[in-house]
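Below is one structure, written out as structure tokens; comments come after it.
Chain identifiers are assigned alphabetically (A, B, ...) following the order of the sequence lines, protein sequences preceding nucleic acid strands; residue numbering begins at 1 within each chain.
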Protein chains: 2
Amino acid sequence: MQTTQMLKGIIDGCILSIIHEGEVYGYELASKLDSYGFESFSEGTIYPILIRLQKDQLIQSTLKKSTAGPKRKYYSLTEKGVEELAGFQKRWDHLSSTVNLILRKGE
Amino acid sequence: MQTTQMLKGIIDGCILSIIHEGEVYGYELASKLDSYGFESFSEGTIYPILIRLQKDQLIQSTLKKSTAGPKRKYYSLTEKGVEELAGFQKRWDHLSSTVNLILRKGE
DNA sequence: AAGCATACCTTGTTTTACAAGATCGTTTAA
DNA sequence: TTAAACGATCTTGTAAAACAAGGTATGCTT
């Protein structure tokens with residue numbers, strides 16, 4: 001069991017939250033997640049999630065020129081995405097308090 | 001995205017922690033998880049996890065008579081399981097503080 | 001003996017995380 | 001001017017996880 005294996009589904013919410021801070025493109029998102037403390041996220045993890053979130057109409061994208069390199073695909077939240085983020089926050093609060101309760105008891 | 005879908009890997013740690021509190025059998029574990037706040041855990045989720053944890057030698061089991069119904073398989077932590085639980089707690093602390101940081105920023 | 005609650009397990013599906021690698025555009029250095 | 005280096009995206013394939021659904025067995029109660 002490694003750190004990353006317990007993140008399933010949670011990254012989605014974190015990505016929504018980071019996008020909610022302000023438009024980002026995938027490559028940038030990877031380094032932001034890293035700087036927040038999620039170290040082992042390759043692009044092979046992130047891009048499929050972005051594609052899935054867009055398919056679910058939680059985020060939308062626009063292409064913009066890069067200062068160097070190919071065009072960047074900037075993502076922003078849709079209205080549905082904002083709602084989903086709020087839902088995730090509630091679920092996260094519930095989850096984290098439940099886990100904390102169990103872990104404290106088990107000491 | 002539903003509540004249960006973001007629990008992957010985390011339940012393992014919670015189950016280890018509950019077993020650490022004291023011997024439990026699978027059926028009992030299901031109701032304990034429920035009372036702690038995890039509502040949607042069917043036995044189809046729990047038994048496979050118990051089998052996996054035992055295969056990984058994190059828990060061990062003994063059969064005991066039930067007051068009513070078939071024999072119960074009581075689980076307890078192995079030494080390796082205790083270590084794994086400690087590791088999970090560290091990972092959980094790291095994960096939850098990271099997620100909280102991201103969620104607070106994204107407001 | 002029929003039904004119910006207790007208790008366990010298996011099968012099959014879907015989703016997820018992730019490694020690995022392919023592709024493409026721009027800048028910079030040889 | 002060619003090629004390396006970097007910025008940026010996407011695809012493919014694999015393994016594991018979560019879960020619904022269903023199956024089996026035991027013992028108690030009526």
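Summarising the geometry, atom CG belonging to A:L85 is positioned 10.0 Å from atom CG belonging to A:L58; distances are rounded to the nearest 0.5 Å. Here CD1 of B:I102 is found 10.5 Å from CD1 of A:I10. Values are rounded to the nearest 0.5 Å.
Distance, B:L53 CG to D:dA16 P: 15 Å, rounded to whole Å. Distance B:I46 CD1 to D:dA18 C1': 12 Å, rounded to the nearest Å. Atom CG in A:L63 sits roughly 11 Å away from atom C1' in D:dA8 (whole-Å rounding). Between the NZ atom of B:K55 and the C1' atom of D:dA15 there is a distance of 12 Å, given to the nearest Å. Note: OH (B:Y74) to C1' (C:dT6) measures 12 Å, nearest angstrom. Across the protein-nucleic acid pair, B:K71 atom NZ and C:dA5 atom P stand 25 Å apart, rounded to whole Å. As a whole-Å value, the separation of A:R52 CZ from C:dC18 P is 12 Å. Between B:L29 atom CG and C:dC9 atom C1' there is a gap of 15 Å when expressed in whole angstrom units.
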Can you name the atoms? Protein N/O to nucleotides 10-12 of chain D N/O, anything below 3.5 Å, with the distance.
{"unit_1": "D:dC10", "atom_1": "OP1", "unit_2": "A:K73", "atom_2": "NZ", "d": "2.2"}

Shorter than 3.5 Å, N or O on both sides, protein versus nucleotides 27-30 of chain D: list them out with atom names.
none

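Sequence neighbours left out, not one pair with a member in residues 49-72 of chain B passes ring pair (Phe, Tyr, Trp, His ring centres under 6.0 Å). Every pair tested for ring pair (Phe, Tyr, Trp, His ring centres under 6.0 Å) that includes a residue from residues 47-72 of chain B fails, sequence neighbours excluded, so the list is empty.
Every residue meeting the side-chain contact (heavy atoms from CB on, under 4.5 Å) condition with B:E23, not counting sequence neighbours, appears here in chain and number order: B:T62, B:K64, B:Y74, B:S76. Applying the side chain to side chain donor-acceptor pair (under 3.5 Å) rule to A:Y25 yields the partners A:R72; only residues at least two apart in sequence or on another chain are considered.
With D:dA18, C:dA17, D:dT9 as the candidates, the nucleotide lying closest to the side chain of A:Y27 is D:dT9.
Taking a cutoff of 4.0 Å between a charged side-chain nitrogen and a carboxylate oxygen, B:R52 and B:D12 qualify as a salt bridge. A:E28 and A:K73 are not joined by a salt bridge, as no carboxylate oxygen comes within less than 4.0 angstrom of a charged side-chain nitrogen.
By the 4.5 Å heavy-atom criterion applied to side chains, A:Y75 and A:I15 are not counted as neighbours.
Nearest-nucleotide mapping onto DNA chain D: of B:S42 and A:R72, the residue sitting toward the 5' end is A:R72.
Within the structure, a side-chain polar atom (N or O) of A:Y25 is placed less than 4.0 Å from OP1 or OP2 of D:dA8.
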